[in-house]
Asks: 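Structure below; questions to follow.
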Amino acid sequence: METIKITTEFIKLQDLLKFASLVSTGGEAKIIIQEGEVKVNGEVCTQRGKKLRPGDVVTLDGQQFTVAYED
């Protein structure tokens with residue numbers, strides 16, 4: 001599991017996918033989210049603007065990413 005560190009209160013799901021290099025554009029993120037390919041905390045999430053906070057886990061194509069605050 002890879003950790004994505006943030007310095008803000010939250011990161012939106014589509015932004016996390018771009019930041020983690022899982023997609024190259026926001027349009028690509030929108031498509032895979034709407035098609036139900038992304039899970040947040042074990043449940044399919046179709047909200048690209050979903051606010052992710054530390055402790056949340058995102059899964060795509062068998063890869064897992066967790067959100068944490070920058071130290």
Side-chain angles (χ1 to χ4, degrees):
M1 183 179 307
E2 191 172 326
T3 301
I4 303 297
K5 297 192 178 209
I6 60 173
T7 57
T8 55
E9 179 184 351
F10 62 85
I11 184 171
K12 291 183 181 179
L13 179 57
Q14 67 180 5
D15 295 333
L16 180 135
L17 296 178
K18 289 189 289 184
F19 187 76
S21 300
L22 295 171
V23 297
S24 53
T25 66
E28 188 179 347
K30 177 182 176 179
I31 291 167
I32 65 168
I33 292 167
Q34 287 181 337
E35 290 180 351
E37 296 181 31
V38 181
K39 289 184 179 181
V40 176
N41 299 325
E43 295 184 17
V44 172
C45 181
T46 56
Q47 301 171 332
R48 66 180 197 210
K50 169 90 173 150
K51 294 177 181 178
L52 303 172
R53 292 182 167 80
D56 286 336
V57 177
V58 175
T59 306
L60 174 64
D61 293 334
Q63 298 180 52
Q64 288 191 322
F65 297 84
T66 186
V67 180
Y69 284 130
E70 186 80 59
D71 291 332

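Hydrogens, waters and symmetry mates play no part in the numbers below; they use all other heavy atoms, side chains included.
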Asks: How about Gln34 and Thr46: do any of their side-chain heavy atoms sit closer than 4.5 Å?
Replies: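 No, their side chains stay 4.5 Å or more apart.
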Asks: Taking atom CG of Asp15 and atom CZ of Phe10, what is their separation to the nearest 0.5 Å?
Replies: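 That separation rounds to 9.5 Å.
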Asks: What are the two closest heavy atoms between Thr8 and Tyr69, and how far apart are they?
Replies: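 Heavy atoms of Thr8 and Tyr69 come nearest at O-CE2, 3.1 Å.
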Asks: When you compare the side chain of Leu52 with that of Ile6, does any pair of heavy atoms fall below 4.5 Å?
Replies: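 A side-chain contact is absent here, since even the closest heavy-atom pair is not under 4.5 Å.
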Asks: Mind checking side chain to side chain donor-acceptor pair (under 3.5 Å) for Glu9 and listing every partner two or more places apart, or none if nothing turns up?
Replies: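 Residues passing side chain to side chain donor-acceptor pair (under 3.5 Å) with Glu9: Arg53.
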Asks: Please tell me if the side chains of Thr59 and Gln64 come closer than 4.5 Å, counting only heavy atoms from C-beta onward.
Replies: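 Result yes, sub-4.5 Å side-chain heavy-atom pair found.
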Asks: Locate the shortest heavy-atom distance separating Leu22 from Glu28; write the atom from each residue and the value.
Replies: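 Nearest pair, atom of Leu22 first, then Glu28: O-OE2, 4.4 Å.
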Asks: Using a 6.0 Å cut-off, check whether atom CD of Glu70 has over 12 heavy atoms from anything other than its own residue.
Replies: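 Count over threshold, so yes.
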Asks: Check whether more than 12 heavy atoms from other residues, nucleotides or ligands sit under 6.0 Å from atom NZ of Lys12, and answer yes or no.
Replies: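 It does not: Lys12 NZ has 12 such atoms or fewer within range.
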Asks: Is any side-chain heavy atom of Gln14 less than 4.5 Å from a side-chain heavy atom of Ile33?
Replies: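 Yes. Closest side-chain heavy atoms under 4.5 Å.
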Asks: Output the distance between atom CD (Glu37) and atom CD1 (Ile32), rounded to the nearest 0.5 Å.
Replies: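 The CD atom of Glu37 sits 6.0 Å away from the CD1 atom of Ile32.
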Asks: Quick one: closest heavy-atom pair of Cys45 and Leu13, and the distance?
Replies: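 Answer, listing the atom of Cys45 first, then Leu13: SG-CD2, 4.0 Å.
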Asks: Can you check whether Asp56's main-chain N or O pairs, donor with acceptor, with Thr66's side chain at less than 3.5 Å?
Replies: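 Yes; judged by distance alone, with no hydrogens or angles, the pair exists.
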